Asker: 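One structure, pasted below without further comment.
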Number of protein chains: 2
Amino acid sequence: MSRGKSAPRPPLSRERVVRAAVEFADREGYAALSMRKLADELGVVPMALYKHVADRESLVDAMVDAVVDEYEPAPADADWRESVRATILSARRALARHPWAREAIESRTDRTPAVLGYMESLVQHFFAGGFSANLTHHVMHALGNRIWGFSPEMFNPAPGAAPREPQLSPEEIVERFPGILAIARAAHADPTATSCDEDFEFSFALDILLDGFARLHDRGWTSAH
Amino acid sequence: MSRGKSAPRPPLSRERVVRAAVEFADREGYAALSMRKLADELGVVPMALYKHVADRESLVDAMVDAVVDEYEPAPADADWRESVRATILSARRALARHPWAREAIESRTDRTPAVLGYMESLVQHFFAGGFSANLTHHVMHALGNRIWGFSPEMFNPAPGAAPREPQLSPEEIVERFPGILAIARAAHADPTATSCDEDFEFSFALDILLDGFARLHDRGWTSAH
DNA sequence: ACGTTAGGTGTACGCTGTACACATGTCAAG
DNA sequence: CTTGACATGTGTACAGCGTACACCTAACGT
């Protein structure tokens with residue numbers, strides 16, 4: 001009799017699971033993502049997911065891979081500096097589309113092949129610019145998580161999170177943290193602005209690092225291990 | 001009669017709870033810490049903790065505060081650069097004593113007064129060096145999480161964590177990630193060494209940033225907002 | 001002597017990841 | 001056509017989590 005059931009649900013697949021997870025996290029945030037809610041989303045019982053992903057950890061791995069897949073390659077004619085910069089800013093654009101990816105990436109301990117591939121591409125940009133393996137090693141460390149297009153939020157709390165406590169009165173802030181207050185105001189032409197231009201801050205720090213790399217490279221720097 | 005009970009347990013207090021939590025995390029790791037296990041540790045029922053801390057989040061806040069309290073002030077006669085460097089390296093030493101603090105700090109969204117006080121002290125070092133509020137704002141962003149004494153682990157997986165999958169064969173690594181392999185080897189005089197000198201990498205990146213800050217400061221740089 | 005309160009207890013709820021046994025539907029081999 | 005294997009989805013169950021809420025008990029100020 002086949003089945004004229006109400007919902008002729010397409011069969012699951014690893015790819016469908018991962019895509020649904022990405023969309024769910026885009027919509028509801030990383031913290032809201034759970035195996036059970038994702039199963040609900042797919043109209044399926046939680047354990048069904050485990051036929052397609054080993055566990056939650058490897059699902060997140062796959063989600064990160066999906067983000068990395070969105071990175072755009074650097075223009076072919078660029079020098080090392082432009083290549084690295086363009087690649088990292090492309091990562092940053094992908095991150096803007098998937099804000100949860102920051103938390104996901106920070107929580108990873110293992111590197112998937114896709115992730116290693118991305119890091120390899122950065123390394124090759126430095127090599128193409130004549131960087132030694134030694135210097136490249138150190139500059140990759142110095143970039144750190146910045147290769148994923150994010151730097152830690154210094155002043156802006158995570159979006160959508162209300163402070164847990166009243167914390168401090170304005171008077172106390174003025175008295176105890178005048179410096180923080182001053183620099184918070186100094187960054188904005190509009191002194192009532194509440195949030196920083198994160199893109200600017202990101203490029204600012206990135207360029208300082210790239211400048212430093214260039215200088216070390218020019219003078220043939222190497223660590224004296 | 002009074003009570004000659006077997007365990008004349010000292011009464012709980014917020015400080016005792018926090019200290020026990022710090023010791024537990026030192027010993028068992030951040031992931032292992034739960035309200036229930038901590039209560040066990042203190043010979044008390046889980047809900048008893050809630051008489052002293054509002055919830056798990058504010059317990060972690062207090063734990064981070066405890067770490068920040070261990071930071072040592074910079075020598076009084078140092079210039080801005082030495083002061084900042086010494087302060088941050090002091091934070092790094094505290095982090096070495098409390099490895100869980102990295103995860104804890106990364107998971108914070110609100111800043112406690114103690115945390116703001118630490119940031120304020122850094123800001124004041126820059127001010128004392130003649131930095132404008134504007135430049136100080138940007139350099140604080142550029143430092144990012146580095147002010148807490150850590151940079152992201154690029155290559156070393158979290159200590160004590162076994163890889164979940166065999167991942168890739170050595171042949172595949174050689175073929176697909178020659179650059180990563182090269183830089184992994186280049187950093188160590190001993191090519192069989194498996195881990196990086198994280199302290200070196202940390203200072204390396206920190207000094208590049210401080211160099212950059214000094215240069216911008218010397219030329220009176222300001223963002224053209 | 002008595003009401004208030006601070007601190008510890010016990011129970012309970014809803015949430016999480018996932019182990020395990022089971023049902024079903026598809027397909028290859030006999 | 002039958003049969004057995006395999007892939008896929010289901011259902012139940014368990015241990016763990018944070019924490020709300022009602023309760024008890026001991027100490028203390030009046």
Side-chain angles (χ1 to χ4, degrees), chain A residues 1-21 24-25 28-63 100 103-104 107-110 161-162 164-165, chain B residues 1-21 24-25 28-63 100 103-104 107-110 161-162 164-165:
Chain A
M1 47 160 243
S2 72
R3 46 30 359 168
K5 288 308 206 39
S6 57
R9 192 190 56 209
L12 247 45
S13 72
R14 182 180 170 88
E15 201 213 322
R16 242 170 70 73
V17 169
V18 173
R19 198 168 47 225
F24 186 95
E28 314 276 348
Y30 185 66
L33 178 69
S34 77
M35 300 299 276
R36 293 170 125 97
K37 289 194 202 146
L38 179 57
D40 266 11
E41 189 84 359
L42 288 160
V44 110
V45 92
M47 286 310 292
L49 304 177
Y50 288 83
K51 290 282 155 58
H52 302 277
V53 296
D55 52 16
R56 195 192 129 94
E57 285 293 278
S58 57
L59 170 64
V60 176
D61 279 346
M63 292 171 68
W100 51 268
E103 262 175 285
S107 72
R108 291 313 74 200
T109 59
D110 292 343
R164 283 194 302 289
E165 304 169 56
Chain B
M1 39 148 228
S2 66
R3 24 105 277 203
K5 290 303 206 48
S6 58
R9 193 190 55 212
L12 247 46
S13 71
R14 182 180 169 88
E15 201 211 323
R16 242 170 71 71
V17 169
V18 173
R19 198 168 46 224
F24 186 94
E28 313 276 348
Y30 184 65
L33 179 67
S34 76
M35 299 299 277
R36 292 169 126 100
K37 289 193 203 149
L38 179 57
D40 265 13
E41 190 83 359
L42 288 161
V44 110
V45 94
M47 285 312 292
L49 303 178
Y50 287 85
K51 290 281 154 64
H52 302 276
V53 297
D55 53 16
R56 195 192 128 93
E57 285 293 281
S58 56
L59 171 62
V60 177
D61 279 347
M63 293 171 67
W100 52 267
E103 264 175 282
S107 73
R108 293 307 79 199
T109 60
D110 292 344
R164 282 195 303 288
E165 304 169 55

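Remember, it's a predicted structure, so these values are computed and weren't measured experimentally. Just so it is clear: chains get the letters A, B, ... in the order the sequence lines come, proteins before strands, and each one is counted from 1.
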Asker: Rounded to whole angstroms, how far apart are CG on B:Leu49 and P on D:dT19?
Answerer: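 Between P of D:dT19 and CG of B:Leu49: 11 Å.
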
Asker: Round to a whole Å and report the spacing from CG of A:Leu42 to P of D:dT8.
Answerer: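 So the two atoms are 15 Å apart, to the nearest Å.
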
Asker: If you look at every heavy atom in A:Arg14 and A:His52, which pair is closest and at what distance?
Answerer: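 Closest heavy-atom pair between A:Arg14 and A:His52: NH1-O, 3.3 Å.
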
Asker: Roughly, in whole Å, what's the span from CG in B:Asp40 to C1' in C:dT9?
Answerer: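 Result: 14 Å.
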
Asker: Sequence neighbours excluded, which residues qualify as side chain to side chain contact (heavy atoms under 4.5 Å, CB included) partners of A:Arg36?
Answerer: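 Counting only residues at least two positions away or on another chain, A:Arg36 forms a side chain to side chain contact (heavy atoms under 4.5 Å, CB included) with A:Ser34, A:Pro46.
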
Asker: Using the test side-chain hydrogen bond (donor to acceptor under 3.5 Å, both in side chains), find all partners of A:Glu28 that sit at least two apart in sequence or belong to another chain.
Answerer: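 Listed in chain order: nothing, the list is empty.
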
Asker: Of the options A:Leu38, A:Leu12, A:Val17, which is the one that meets A:Val44 in a side chain to side chain contact (heavy atoms under 4.5 Å, CB included)?
Answerer: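 Considering A:Leu38, A:Leu12, A:Val17, a side chain to side chain contact (heavy atoms under 4.5 Å, CB included) with A:Val44 is found only for A:Leu12.
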
Asker: Listed by chain and number, what are the side chain to side chain contact (heavy atoms under 4.5 Å, CB included) partners of A:Ala104, not counting sequence neighbours?
Answerer: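 Residues passing side chain to side chain contact (heavy atoms under 4.5 Å, CB included) with A:Ala104: A:Tyr30, A:Val60, A:Val64, A:Trp100.
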
Asker: Please list each protein N or O that sits under 3.5 Å from an N or O in nucleotides 18-22 of chain C, with the distance.
Answerer:
| from | atom 1 | to | atom 2 | distance (Å) |
| --- | --- | --- | --- | --- |
| C:dT18 | OP2 | A:Tyr50 | OH | 2.8 |
| C:dT18 | OP2 | A:Arg56 | N | 2.9 |
| C:dT18 | O4 | A:Arg36 | NH1 | 3.4 |

Asker: Can you tell if the side chain of A:Leu49 reaches within under 4.5 Å of the side chain of A:Leu42, non-hydrogen atoms only?
Answerer: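 Yes, close enough: below the 4.5 Å cut-off.
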
Asker: Between the protein and nucleotides 24-29 of chain D, which nitrogen or oxygen pairs are less than 3.5 angstrom apart?
Answerer:
none

Asker: Under the side-chain hydrogen bond (donor to acceptor under 3.5 Å, both in side chains) rule, collect the residues that match up with B:Arg19, sequence neighbours excluded.
Answerer: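 If we apply the side-chain hydrogen bond (donor to acceptor under 3.5 Å, both in side chains) test to B:Arg19, skipping adjacent residues, the hits are B:Glu15.
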
Asker: How many Å lie between CG on A:Leu12 and C1' on C:dT24, as a whole number?
Answerer: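 Rounding to the nearest Å, CG of A:Leu12 and C1' of C:dT24 are 16 Å apart.
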
Asker: List the residues meeting side chain to side chain contact (heavy atoms under 4.5 Å, CB included) with B:Lys51, not counting sequence neighbours, and say none if there are none.
Answerer: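 Partners of B:Lys51 by the side chain to side chain contact (heavy atoms under 4.5 Å, CB included) criterion come out as none, since no residue qualifies.
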
Asker: OP1 or OP2 of C:dG8 less than 4.0 angstrom from a side-chain nitrogen or oxygen of B:His52, does that happen here?
Answerer: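 Checking C:dG8 against B:His52, a side-chain N or O does come within under 4.0 Å of OP1 or OP2.
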
